[in-house]
Each structure stands twice: as C-alpha cells, then as structure tokens.
Amino acid sequence: MGLLAYLKTQFVVHLLIGFVFVVSGLIINFTQLCTLALWPISKHLYRRINCRLAYSLWSQLVMLLEWWSCTECTLFTDQATVDHFGKEHVVVILNHNFEIDFLCGWTMCERFGVLGSSKVLAKRELLCVPLIGWTWYFLEIVFCKRKWEEDRDTVIEGLRRLADYPEYMWFLLYCEGTRFTETKHRISMEVAASKGLPPLKYHLLPRTKGFTTAVQCLRGTVAAIYDVTLNFRGNKNPSLLGILYGKKYEADMCVRRFPLEGIPADETGAAQWLHKLYQEKDALQEMYKQKGVFPGEQFKPARRPWTLLNFLCWATILLSPLFSFVLGVFASGSPLLILTFLGFVGAASFGVRRLIGVTEIEKGSSYGNQELKKKE
C-alpha cells in the first residue's frame, strides 16, 4: 500500500477533511447571510455571488469523488446532446438508487460549468441541516414538505422566481421522491397495479406533481429535459464513506435530451409522458444489467482542476492555524485543556458522521411508506 492510499484510510485525515468542509461552509454561510443586503439593490449580483460561494462549498465534495477516490464517470449519449451541456437551462431527471447519486450529478454539473447554479426540489427537513440546507436557502432552492396540498403554492412561487435566473441552471428532480429500497419498491408497485400502470423493476413509481408543476412553471425558461440513468460497473453500491476512504468506482450515466416543446403542456399529458419515461429508464437498466453498458457513444469529460485548487486553498487557510492551536494545547501540559480539546474532537467527529449519514439509504425518509402505514 502506497503512502497516499494509506492516508486515505486514516480517521485523522478524514477528520481534517471534515474540519475544512465544515469551517469553510460556516464561513461561506456567514458570507451568504451578508449578501442578503444586495438583494434589494441588484438581484442578479446577489445570485451570481451566491453561485460562486455555493461552488466553493459543493466543489469540495466533488473533489473527493474526482481527485480523492479518482472515481471515473462515463456518459453514454450523442455529440449533439453533449454540445448543449452548460449552454441552456434544463430540468434533470435522475434515478434515486444510490447514496452518491447526487454527487455523480454534481460531478456532471461541475465538468460543464453549472455546479454553483444547480438547483433541486428538496425536502423541507434539509433546510435545518447546517451547511447543506443553509447554503441551499441562499441559492433559492425550492423546499417542500411533500404534501401537495401544503406545497402547491410554495413550489409554484419558488419555481416562478427562477424564471429570470442569470446563470445557466440545471434543476435536479428525483421524481421517485425517495431512495429505492426493496420495501418501498414493493409498496410502490402495489400502488402502480391499483392505478393500472405497468410495473417497474428498477425504479419506484414516479410522483408526477412536482414534475408537471416544474414543466408548467419553467416553460419559456427551461429549454429541455435531461433524462439521466445512473448505474455502477461491477454491481457496486458505493457510499460517501467509501469515497472518503478513497475507494474508486466507475459510474456510467445514460443521458437523453428531450426538448421541452415536445412534452405535453397539460398536467395529464405531462404525467403520462413521465410514466412512459420511467418505463424506458427501466428498460435501460435491464440492458445495463444484461450487457454492462448503456446504448450510445461513450464520452469521458475531463475533470477540471478547480475543485482540487479550491480545496487546497481552504485547507491552507484553515489547517495552518489549527495545527498551531493543537501544538499549543499539548505544549501547555494542562490536563483540563487537553481533555477539553479531545472532547471537542469527539464532538466534531460525531457531527461530521451525522452529515455523512444524511446520504445513507437506510437513514432515508419514510416517504413512500404511507400506503404501508394505512394498511397497518
């Protein structure tokens, strides 16, 4: 095992990476709070600054995927679709099967220059998560409780605010609403059968309200829908902890572009289009399982150096005073001071672990289990 490979497995190194992410995130959040003063003066300037602040935080996670674990991402699509990347507002539909599916989506955003301006329809609980939810708030992310009667006005208002967004925006939708598990899949297929819809093998039944509302509200702003179907070679099930330990994965993404004018404008027609799309996604996953590849040309967009340089910059700024402080603590010889510091380290490691836990499938939401609760 080489020195770098050894370091990737060490808890202390993970803690230092977590320290840089958390402290830089808090600095970024405070800076974002200060930029609120710009909103009445220039909404565009506020948005452009916050896109770059968000990039400085999210790119640290992308750095872990691209440079720390050296995970490779291959796109299966065509040249005409690739030529549109980063040059238009789009809605991205991604399957929700893996703990790091969001990170693969962010990697795609980063390589085409739209990471800072990427958006998502997020569950409201994430608004209370430090760094993640707070950064999203300043980015005008649309939060929802996933109860349509309560969410309708909030979602519509949030989407309409994005109509004049100054940067090219990729709006990510997880139409399944929650991550795939066998229990949720069984319940979802029972609902599909009750509605007379074809069964899906690799996906949950898509929730259509968010999609149809996004299409209606963003029509005239968004140029296309990107359907992204993600899987990993070798039947791997990657995790954020695995990335932190430097495990290398090979992600394959089948990307299809659908111009928005080809999607029905009415709610019923758009919902039927979405159900048909998920049947096609299911067929793509079946092909991948049988052949190990998706259809289409293979593209491997080069990773850019900015994510690595951004992290190294934050690490230089934050770790130098940290090391000086730690040396001072142990040089003092004070048992109370040393124990207090060790207690702080333990609390910090717990906090970082909790942040990572947000991505874990087994700690996902209970959304999709309502039908089971009703039966019980």
Linked, directly or transitively: Phe294 and Val92 (ILVMFWY side chains, under 4.5 Å):
no
Common cluster, Ile225/Phe76, ILVMFWY with side-chain heavy-atom separation under 4.5 Å
no
Do Thr74 and Glu250 come close enough that some side-chain heavy atom pair is under 4.5 Å?
no
Test side-chain contact (heavy atoms from CB on, under 4.5 Å) applied to Ile27 and Phe30, step by step:
CA-CA 5 Å; Ile27 294 172; Phe30 177 75; 5.9 Å; no
Apply side-chain contact (heavy atoms from CB on, under 4.5 Å) to residues Arg257 and Glu88 and explain how you reach the verdict.
CA-CA 12 Å; Arg257 181 181 184 274; Glu88 57 184 356; 2.9 Å; yes
Under 3.5 Å: donor-acceptor pair, side chain of Thr208, backbone of Ala271:
no
Between Gln60 and Ser24, do the side chains contain a donor N or O and an acceptor N or O under 3.5 Å apart?
yes
Can you check whether Leu322 reaches Leu16 side chain to side chain, under 4.5 Å on heavy atoms?
yes
What about Leu33 and Ile41, same hydrophobic cluster or not, with Ile/Leu/Val/Met/Phe/Trp/Tyr joined at side-chain heavy-atom distances under 4.5 Å?
no
I'd like to know if Val22 and Val62 are part of one continuous hydrophobic network [Ile/Leu/Val/Met/Phe/Trp/Tyr, side-chain heavy atoms within less than 4.5 Å].
yes
Whether the side chain of His203 engages the backbone of Glu176 through a donor-acceptor N/O pair (distance < 3.5 Å, no angle test) should be reported.
no
Is Arg179 reaching over with its side chain to a backbone N or O of Glu99, donor-acceptor style, under 3.5 angstrom?
yes
Is Ser42 reaching over with its side chain to a backbone N or O of Leu38, donor-acceptor style, under 3.5 angstrom?
no
Taking all heavy atoms of Ile243 and all of Ser69, pick out the closest pair and write down the distance.
CD1-OG, 3.5 Å
Phe232 side chain near Pro238 side chain, heavy-atom distance below 4.5 Å
yes
Checking Gln285 side chain against Leu230 main chain: does a donor-acceptor pair fall under 3.5 Å?
yes
NZ of Lys289 to CD of Glu286, rounded to nearest 0.5 Å, is 6.5 Å
Taking Thr9 for the side chain and Tyr6 for the main chain, is one N or O donor matched with an acceptor at less than 3.5 Å?
yes
Step by step, would you call Phe102 with Val120 a side-chain contact (heavy atoms from CB on, under 4.5 Å)?
CA-CA 10 Å; Phe102 77 97; Val120 67; over 6 Å; no
Shortest non-hydrogen contact from Glu267 to Gln216?
N-NE2, 3.6 Å
Take Arg256 and Asp227, measure what salt bridge (Lys or Arg N to Asp or Glu O under 4.0 Å) needs, and give me the verdict at the end.
CA-CA 5 Å; Arg256 300 182 296 164; Asp227 170 52; 2.8 Å; yes
Can you confirm whether the side chains of Thr229 and Asn95 place a donor and an acceptor under 3.5 Å from each other?
no
Could you check His185 against Tyr202 for ring-ring contact (aromatic ring centres under 6.0 Å, His included), going step by step and ending with a plain yes or no?
CA-CA 8 Å; His185 179 254; Tyr202 302 101; 8.6 Å; no
Heavy atoms only: give me the nearest Trp134-Leu127 pair and the separation to one decimal.
CD1-O, 3.5 Å
Hey, does the side chain of Thr213 reach the backbone of Gly210 with a donor-acceptor pair shorter than 3.5 angstrom?
no
Does either side chain, that of Tyr288 or that of Asp252, offer a donor lying less than 3.5 Å from an acceptor on the other one?
yes
Between Arg186 and Glu182, does the salt bridge (Lys or Arg N to Asp or Glu O under 4.0 Å) criterion hold? Intermediate values first, please.
CA-CA 6 Å; Arg186 176 176 56 81; Glu182 291 300 330; over 6 Å; no
Nearest-0.5 Å distance that lies between atom NZ in Lys8 and atom CG in Leu244
11.0 Å
Stepwise side chain to side chain donor-acceptor pair (under 3.5 Å) test for Asn310 and Thr307
CA-CA 5 Å; Asn310 174 75; Thr307 57; over 6 Å; no
Neighbour count above 12 (heavy atom, 6.0 Å) for Phe299 CZ:
yes
What is the ring orientation for Tyr174 with His96, classed by angle as parallel under 30°, tilted 30 to 60°, or perpendicular over 60°?
parallel
Heavy-atom nearest pair, Ser117 first then Tyr165, reads CB-CE2, 4.1 Å
Within this structure, what is the CG-CD distance for the pair Leu274 and Gln279, rounded to the nearest 0.5 Å?
10.0 Å
Do Arg303 and Trp67 come close enough that some side-chain heavy atom pair is under 4.5 Å?
yes
Flag yes if more than 12 heavy atoms outside Arg124 fall under 6.0 Å of its CZ atom; otherwise flag no.
no
Side chains of Cys254 and Val228: does their closest heavy-atom pair fall under 4.5 Å?
no
Would you say that Leu15 contacts Phe19 through its side chain, given a criterion of any heavy-atom pair below 4.5 Å between the two side chains?
no
Could you tell me whether the side chains of Glu72 and Tyr249 share a donor-acceptor contact shorter than 3.5 Å?
no
side-chain contact (heavy atoms from CB on, under 4.5 Å) between Leu240 and Tyr245, worked out:
CA-CA 9 Å; Leu240 191 54; Tyr245 275 88; over 6 Å; no
Between Gln32 and Asn29, is there a side-chain donor-acceptor contact under 3.5 Å, judged purely by atom types and distance?
yes
What residue among Pro206, Cys175, Pro198 forms side-chain contact (heavy atoms from CB on, under 4.5 Å) with His275?
Pro206
Counting C-beta onward and ignoring hydrogens, is there a side-chain heavy-atom pair between Val215 and Val91 closer than 4.5 Å?
no
Looking at Trp170, is Lys119 sitting on its ring face, NZ or CZ under 6.0 Å from the six-membered ring centre and within 45 degrees of the normal?
no
Look up atom CZ in Arg52 and atom CG in Leu57, then write down how far apart they are to the nearest 0.5 Å.
15.5 Å
So which heavy atom on Val13 is nearest to which on Trp68, and how close?
CG1-CH2, 3.8 Å
Is it the case that one hydrophobic cluster holds both Phe138 and Val23, taking links as side-chain heavy atoms less than 4.5 Å apart, direct or via other members?
yes
On a heavy-atom basis, which atom in Ala223 and which in Glu261 lie closest, and how many Å separate them?
O-OE1, 4.3 Å
Would you say that Cys73 contacts Met253 through its side chain, given a criterion of any heavy-atom pair below 4.5 Å between the two side chains?
yes
How long is the straight-line distance from OH of Tyr278 back to CZ of Phe211, given to the nearest 0.5 Å?
9.5 Å
Would you give the length of the straight line joining atom OG1 of Thr77 to atom CG of Asp83, rounded to the nearest 0.5 angstrom?
10.0 Å
Could you tell me whether His89 and Tyr168 have their ring centroids closer than 6.0 angstrom?
yes
Would you say the side-chain atoms of Trp106 and Ser59 include a donor-acceptor pair closer than 3.5 Å?
no
Could you tell me whether a side-chain N or O of Ser118 sits under 3.5 Å from a main-chain N or O of Leu115, the two making a donor and an acceptor?
yes
Proximity of Trp273 and Phe258 rings by center, below 6.0 Å
yes
Looking at Val255, Val114, Val90, which hits side-chain contact (heavy atoms from CB on, under 4.5 Å) with Phe85?
Val255
